[in-house]
Student: 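This is the structure I have questions about; it appears just below.
When reading the values below, keep in mind they use all heavy atoms of this one structure, side chains included, and skip hydrogens, waters and symmetry mates. The chains referred to below are lettered A, B, ... by the order of the sequence lines, with proteins before strands, and numbering in each begins at 1.
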Amino acid sequence: MQRIDQHIREITLKAVEALWGTILPEEQVQIQKTRRDFSGDFTVVVFPLLRYSKQSPEETGKALGRQMVEQSDLIDGYNVIKGFLNLIVAQRYWKGLLEEDLRTPRYGSSPVKEDAERVMIEFSSPNTNKPLHLGHIRNNLLGHSVARILEASGKVVRKVNLVNDRGIHICKSMLAWQLEGKGRDPASAGMKGDHMVGDYYVRFDQIYKEQIESLVQNGVSRKDAEQEAPVLLQAREMLRKWEADDPEVRQLWETMNSWVYEGFEDTYRRLGISFDRTYYESQTYSLGKEIVLKGLKDGVLYRKADGSVWADLEDEGLDHKLLLRSDGTSVYMTQDVGTAHQRYTEWPFDSHIYVVGNEQNYHFQVLSIILKKLGFAWAEKLYHLSYGMVELPEGKMKSREGTVVDADDLMDEMETTARQMSEELGKLSSYREDEREQIYRKVGMGALKYFILKVDPKKNMTFDPRESVDFNGNTGPFIQYTYARIQSVLRKGHRIQRAVGSLDLIEKEIALIRMMFDYPDVITEASRALNPSLVANFLYELAKEFNQFYHDHSILSAESREQVRQRLLLVEVAGRIIESGMALLGIEVPDRM
RNA sequence: GGUUCCGUAGCUCAGUUGGACAGAGCAACAGCCUUCUAAGCUGUGGGUCGCGCGUUCGAAUCGCGCCGGAAUCACCA
């Protein structure tokens, strides 16, 4: 079935030609959805046409409207207000849409074609020295959702994770454990491995500070004390041993990392995210060196007297960037050059998205330029999905002040709130315990995920814990509730066949269908802009529209049997779109709540 | 100082390529459950869209300049 907006575009062109003998370029036709406060479905803006009609906006709109109604049997009527021609679309069209398009199970998603675009997306990228926190949650949810949205828009997606499993920060945890925790492991301590390792990281910092203080007391300058504190020297020594493949250090490193991974796995599972491939920095940190050396040979890069290798980016308005240290080792940038190349070799992609916070904007700007300088054609296909910081009402999260919101704690809290809320309402008392728990989980996680994903990724956001556990208004649970209501109606009317009938749709029904008509475009736009918030806001609008309809009109007790059948179809379709849209956000919907 | 991003109601946020008097939610107040789930629906109040100039028939949206905030500019990641 041809899209009605496309149809309107075409007949507008024809009408203009018939009326004023001008063939105007398609872009000149501006079609938008009619605003709520006016009657009509679609609006043609007539201002750009005045130069052809040589008449007033009102006359132009009227002439055009008259002509279009005559030309098309899908346009039932029109009205002109100021320079806006509002068109009323025929019932026939909306019913056809409901019956043929909206009804198809995968409505809104594009099929993956043979030559589909291949997109690699990196997200999560945690350090193995501490558990995941609220900031990681935004990253993970964004990455997962964008991956889903890209898939729905017909792309082949590969999700990858890059774990920062080496470096001085890991050694700090290891050292603190050696000093104070020998013999302890997550099982014996009864805690998650990532939390336990994180505690030792914090403990290291405490010891470090104590040592600085005592050095200062003994007359050492603070600056020197910070450099000479025994634990810091020990940690550095440990890193050196790690790099020298010292068996004992490596063994400890393996053990503690494995604790962390078990913890992460648990958190990922609860968040509902997964990866097609996980890379470890311990295996990639020396990558890129050869590429850089080749770049040096080709004269793209240059070497300083001390042996370090640099890229000159002054032509791009930036400064100079180090790529190899004077001792020949790689830096982060070098590593990213290497991993990008490795990934492209393993899985040739058409584009590569990095979901990384906006504090690394400069890094990715430079990465892309350097890769281009080094001659990689795909350098232009790297996108940095740069998202804003998550702040608390009282300001930034600071680990030193203990204001970091832990991911696991947060999920626990959300589920607890969902449980309390549900028990207060008492709607689920007749269900089994495990069924109820599943619902609390879905609702709690839905609230958290929606709260974060409804905000435009590039904006910094405030996470107010009080607000996040509000399940009314523009929230995940509101949308889930709408879905549960729909399922309830469908259960009660499951014997009745769902079908479009011969009677006219009422205004609210058309409003719903018109909104669902937009769903494919919403996915396309969200995919283009890498922005799940567009899907979130669409679903909220749809749920709100549905609730109004639900409130004003009875579905199962509609006036006629035919109307019941038609409404049930409409309701079923709305439910399916809510379900599929929420899935794009990684949110599950409960059948009851 | 350079670069990038943000500035919309008391608070949290929408506002697709410029279009009709700028929208939601929360908070406040007032209503609606013998009928399909009231985690819902309806109503009231609340705004110089940071400021100024410009482009345009038309600017929250585009351009320029200010003001305010964030991030970044390491032989850290």
Side-chain angles (χ1 to χ4, degrees), chain A residues 27 30 32 34-38 43 45 47-48 50-51 57 81-84 86 125 127 164 167-169 281 285 304 306-310 317-319 321-327 329 331-333 335-336 357-363 365-366 386 388-389 391 393 396 418 421-422 424-425 427 443 447 451 454-456 458-464 466-468 470-475 477-478 480-482 484-493 518 521-522 524-526 528-529 531 533-534 536-537 540-541 543-544 547-548 550-558 567 571 592-593:
Chain A
E27 317 85 66
Q30 284 186 47
Q32 52 196 243
T34 302
R35 289 181 55 119
R36 264 177 194 292
D37 3 307
F38 301 94
T43 296
V45 184
F47 293 109
L50 300 184
R51 48 191 285 217
I81 297 166
K82 293 186 185 173
F84 300 90
N86 302 319
S125 313
N127 290 346
N164 182 359
I168 189 75
H169 50 290
E281 288 200 359
Y285 77 105
K304 276 190 185 173
D306 65 0
S308 55
V309 178
W310 297 74
L318 306 171
D319 47 14
K321 185 77 195 172
L322 176 89
L323 286 168
L324 287 179
R325 295 189 185 98
S326 46
D327 65 3
T329 54
V331 293
Y332 184 45
M333 185 62 73
Q335 183 187 144
D336 264 358
N358 61 13
E359 73 270 18
Q360 291 190 37
N361 284 353
Y362 181 73
H363 174 78
Q365 200 185 342
V366 170
S386 160
M389 302 282 101
E391 289 169 13
K396 283 185 198 151
M421 183 79 87
S422 178
E424 240 169 71
L425 294 168
K427 292 181 187 178
V443 173
F451 189 83
K454 75 174 175 186
V455 181
D456 185 336
K458 69 170 180 282
K459 290 191 176 175
N460 286 357
M461 64 172 290
T462 309
F463 185 89
D464 186 342
R466 248 195 2 257
E467 214 177 301
S468 71
D470 189 343
F471 292 176
N472 303 317
N474 188 358
T475 65
F478 169 86
Q480 290 173 316
Y481 176 72
T482 308
R485 277 177 142 182
I486 287 172
Q487 297 317 304
S488 175
V489 172
L490 292 178
R491 276 193 300 273
K492 292 205 163 111
D518 288 337
D521 288 346
V522 170
T524 305
E525 181 57 20
R528 192 196 59 72
N531 184 354
S533 78
L534 299 176
N537 286 304
Y540 173 61
E541 295 295 330
K544 214 165 43 160
N547 280 325
Q548 285 167 16
Y550 179 92
H551 180 265
D552 294 347
H553 306 283
S554 178
I555 296 152
L556 294 171
S557 313
R567 283 189 179 165
V571 165
R592 37 191 131 229
M593 66 186 270

Student: Under the rule for ring pair (Phe, Tyr, Trp, His ring centres under 6.0 Å), what residues qualify as partners of His553(A), not counting sequence neighbours?
Tutor: Phe549(A)

Student: Rounded to the nearest 0.5 Å, how far apart are OG1 of Thr482(A) and OH of Tyr550(A)?
Tutor: 10.0 Å

Student: With a 3.5 Å cut-off and just heavy-atom distances, do the side chain of Ser533(A) and the base of A14(B) make a donor-acceptor pair?
Tutor: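 Side chain to base: no pair below 3.5 Å.
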
Student: By side-chain hydrogen bond (donor to acceptor under 3.5 Å, both in side chains), which residues pair with Asn127(A), not counting sequence neighbours?
Tutor: Asn164(A)

Student: I'd like to check the side-chain hydrogen bond (donor to acceptor under 3.5 Å, both in side chains) partners of Thr329(A); sequence neighbours left out, ordered by chain and number.
Tutor: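 Thr329(A) satisfies side-chain hydrogen bond (donor to acceptor under 3.5 Å, both in side chains) with Arg325(A), Asp327(A) once adjacent residues are dropped.
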
Student: Tell me, please, which residues at least two apart from Arg36(A) pass side chain to side chain contact (heavy atoms under 4.5 Å, CB included).
Tutor: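 Per chain and number, Arg36(A) pairs via side chain to side chain contact (heavy atoms under 4.5 Å, CB included) with Met515(A), Glu545(A).
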
Student: What's touching nucleotides 54-62 of chain B from the protein side, N or O pairs under 3.5 Å?
Tutor:
none

Student: In which ranges does RNA chain B form stems of 3 or more consecutive Watson-Crick or G-U pairs, distances under 3.5 Å?
Tutor: B:1-7 with B:67-73, B:10-13 with B:23-26, B:28-32 with B:40-44, B:50-54 with B:62-66

Student: Please state how far atom CD in Gln360(A) lies from atom C1' in A77(B), giving the value in whole angstrom units.
Tutor: 7 Å

Student: If a protein heavy atom is under 4.0 Å from the base, mark B; if only from the sugar-phosphate, S; if neither, -; do that for nucleotides 1-12 of chain B going 5' to 3'.
Tutor: --SSSSS----S

Student: I'd like to check the salt bridge (charged side-chain N to carboxylate O under 4.0 Å, His left out) partners of Asp521(A); sequence neighbours left out, ordered by chain and number.
Tutor: Arg3(A)

Student: Nearest to the side chain of Arg325(A), heavy atoms from C-beta on, is which of C76(B), A70(B), A20(B)?
Tutor: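 So the nucleotide nearest the side chain must be C76(B).
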
Student: Using a cut-off of 4.0 Å on non-hydrogen atoms, how would the nucleic acid contact of Leu534(A) be classed: base, sugar-phosphate, or nothing?
Tutor: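 Sugar-phosphate only.
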
Student: Taking side chain to side chain contact (heavy atoms under 4.5 Å, CB included) as the definition, give me every residue that meets it alongside Ala558(A), ordered by chain and number, with sequence neighbours left out.
Tutor: Gln563(A), Val564(A), Arg567(A)

Student: Picking from C41(B), G19(B), A38(B), which would you name as closest to the side chain of Gln32(A)?
Tutor: G19(B)

Student: Kindly check if the number of other-residue, nucleotide or ligand heavy atoms within 6.0 Å of CZ (Arg491(A)) is above 12?
Tutor: yes

Student: Going by side-chain hydrogen bond (donor to acceptor under 3.5 Å, both in side chains), name the residues that satisfy it together with Gln32(A), two or more places apart in sequence or in a different chain.
Tutor: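 So Gln32(A) forms no side-chain hydrogen bond (donor to acceptor under 3.5 Å, both in side chains) with any residue.
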
Student: Residues two or more places apart in sequence or in another chain: which of them pass salt bridge (charged side-chain N to carboxylate O under 4.0 Å, His left out) with Lys458(A)?
Tutor: Asp456(A)

Student: For a quick check, tell me whether the side chain of Asn472(A) and the base of C26(B) share a donor-acceptor pair closer than 3.5 Å.
Tutor: no

Student: Taking OP1 and OP2 of U17(B), is either one under 4.0 Å from a side-chain nitrogen or oxygen of Arg528(A)?
Tutor: no

Student: Distance check needed: G23(B) P versus Tyr540(A) OH, whole Å only.
Tutor: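 For the pair Tyr540(A) OH and G23(B) P, the rounded distance is 15 Å.
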
Student: What residues, two or more places apart in sequence or in another chain, satisfy side-chain hydrogen bond (donor to acceptor under 3.5 Å, both in side chains) together with Asp464(A)?
Tutor: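 Asp464(A): no side-chain hydrogen bond (donor to acceptor under 3.5 Å, both in side chains) contacts found.
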
